[in-house]
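Here it is, the structure in full.
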Amino acid sequence: NIVFYYAVASGNPEIIKLIVPTMTDYTTECGCLRDYHKTTTAALLESDDYDVVKTALDAGYDLKKDPYFFENIGRVRDTRIADLIFSIRPLSEDTEGKAMIAALDSYNEELVAYLLDHNANLTGYDNPSGNYVMHYVLDPFKPSCTLETVKRFVDQGGPCDGTTHGALDG
């Protein structure tokens, strides 16, 4: 999948169109990325290039084959890309709230607002860290922790009880 990474990095639509139909594994790590969900989808979303993402999808790239799709959403910086990918893999499929956690953990304020606007799951739990969405909303070290974000989260039914896993302690 390093080939796909370089095809995406090139931004060349003809190369992407050649590579995508040959892909069979969407979960093998692309060793050039920074974190533990370094899948082909991560490489695609990290490109932050609407035309590259659209070309890959038009060439048959299947977002549904990546089990870490929602964990990689924090890489999306362009709401046009969010509209495009969520038209294929709707937020309603994110039953564990991974998209909101990824957006908050990536300091992605614009995507957090987008997800709130589109009724993302607010009750998610992050297995590796043991934290719930509210932990990330209230994290004082994250620029996405604004009063407006907290207010919107609470207004939209984000849990503020024991399921916040101690986020309100202290």
Side-chain angles (χ1 to χ4, degrees), residues 1-122 124-129 131 133 135-137 139 141-145 149:
N1 288 336
I2 195 71
V3 173
F4 179 74
Y5 172 83
Y6 284 119
V8 166
S10 77
N12 185 319
E14 297 309 313
I15 294 173
I16 294 167
K17 288 176 193 175
L18 287 171
I19 298 298
V20 168
T22 68
M23 293 177 61
T24 57
D25 180 9
Y26 287 66
T27 59
T28 302
E29 291 188 355
C30 293
C32 299
L33 297 175
R34 297 188 288 279
D35 61 32
Y36 64 97
H37 292 306
K38 302 177 275 192
T39 64
T40 54
T41 302
L44 184 61
L45 298 179
E46 197 161 273
S47 76
D48 199 32
D49 184 325
Y50 178 85
D51 293 328
V52 166
V53 174
K54 177 102 172 81
T55 297
L57 294 172
D58 289 348
Y61 188 89
D62 189 352
L63 294 172
K64 295 183 184 258
K65 289 186 177 179
D66 185 349
Y68 300 111
F69 171 76
F70 290 109
E71 285 91 334
N72 284 306
I73 292 304
R75 300 169 192 279
V76 174
R77 303 283 177 207
D78 183 337
T79 56
R80 295 176 311 145
I81 293 173
D83 285 338
L84 181 63
I85 62 176
F86 291 132
S87 72
I88 295 165
R89 188 105 188 247
L91 273 170
S92 60
E93 292 180 9
D94 182 22
T95 59
E96 297 178 6
K98 301 291 186 187
M100 184 59 80
I101 289 172
L104 288 162
D105 198 39
S106 298
Y107 314 105
N108 194 337
E109 294 177 66
E110 187 174 345
L111 185 60
V112 168
Y114 177 94
L115 293 172
L116 285 168
D117 290 344
H118 290 84
N119 300 312
N121 183 333
L122 304 179
Y125 175 78
D126 182 37
N127 274 332
S129 71
N131 295 320
V133 173
H135 172 89
Y136 293 95
V137 171
D139 188 337
F141 300 106
K142 304 243 186 258
S144 54
C145 177
T149 301

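What you are looking at is a predicted structure, and each value in this text was computed from that prediction instead of being measured. Starting from 1, each residue takes its place in the sequence as its number.
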| request: Tell me, with the steps shown, if Arg77 and Glu110 meet side chain to side chain contact (heavy atoms under 4.5 Å, CB included). | output: CA-CA 7 Å; Arg77 303 283 177 207; Glu110 187 174 345; over 6 Å; no

| note | Heavy-atom closest pair (Ala56 atom, Val20 atom, distance to 0.1 Å) is O-CG1, 3.9 Å

| query | With a 3.5 Å cut-off and no angle check, do the side chains of Tyr61 and Thr55 form a donor-acceptor pair? | reply | no

| query | Do Asp78 side-chain atoms and Asp48 backbone N/O form a donor-acceptor pair below 3.5 Å? | reply | no

| request: List the atom of Ala7, the atom of Ile19, and the distance in Å for their closest heavy-atom pair. | output: CB-CG1, 4.0 Å

| Atom pair CZ (Arg80) and NZ (Lys54), whose distance is rounded to the nearest 0.5 Å | 11.5 Å

| message | Let me confirm one number: the CD1-CG distance from Ile81 to Leu44, rounded to the nearest 0.5 Å. | response | 8.0 Å

| field | Gap between atom OG1 of Thr79 and atom NE2 of His118 - 0.5 Å precision | value | 8.5 Å

| Spacing of CZ belonging to Phe70 relative to CD belonging to Glu93, to within rounding of 0.5 Å | 5.5 Å

| Backbone N/O of Val76 and side chain of Asn108: donor-acceptor pair under 3.5 Å | yes

| query | When rounded to the nearest 0.5 angstrom, what is the spacing between CE in Met23 and NZ in Lys65? | reply | 8.5 Å

| request: Measure across Phe4 and Thr40 and return the closest heavy-atom pair with its distance rounded to 0.1 Å. | output: CE2-O, 3.4 Å

| Met100 versus Leu122: any side-chain heavy-atom pair under 4.5 Å? | yes

| query | At their closest point, which heavy atom of Tyr5 faces which heavy atom of Ala43, and how far apart are they? | reply | CD1-CB, 3.7 Å

| query | Distance-only, no hydrogens or angles: does the Asn72 side chain make a donor-acceptor pair with backbone N or O of Tyr68 under 3.5 Å? | reply | yes

| query | Got Ile85 and Thr41 here, is their nearest side-chain heavy-atom distance under 4.5 Å? | reply | no

| said: Please evaluate residues Asp49 and Val8 with respect to the criterion side chain to side chain contact (heavy atoms under 4.5 Å, CB included), reporting the C-alpha separation (whole Å), side-chain torsions for both, the decisive distance (0.1 Å), and the verdict. | reply: CA-CA 9 Å; Asp49 184 325; Val8 166; over 6 Å; no

| task | Carefully, step by step, assess Leu111 and Ile73 under the rule side chain to side chain contact (heavy atoms under 4.5 Å, CB included). | result | CA-CA 9 Å; Leu111 185 60; Ile73 292 304; 3.4 Å; yes

| field | Residue pair Leu115 / Ala103: nearest heavy atoms and the distance that separates them | value | CD1-CB, 3.7 Å

Solution key, residues 11-18 side-chain donor-acceptor pairs under 3.5 Å, sequence neighbours excluded:
| residue | atom | partner | partner atom | Å |
| --- | --- | --- | --- | --- |
| Asn12 | OD1 | Glu14 | N | 2.8 |
| Asn12 | OD1 | Ile15 | N | 3.3 |

| Just by modelled atom types, is the Ala99 backbone N or O under 3.5 Å from a matching donor or acceptor in the Asp94 side chain? | yes

| query | Between Pro21 and Ala59, what is the shortest heavy-atom contact and its length? | reply | CG-O, 4.0 Å

| remark: CZ of Arg89 to CG of Leu91, rounded to nearest 0.5 Å, is 11.0 Å

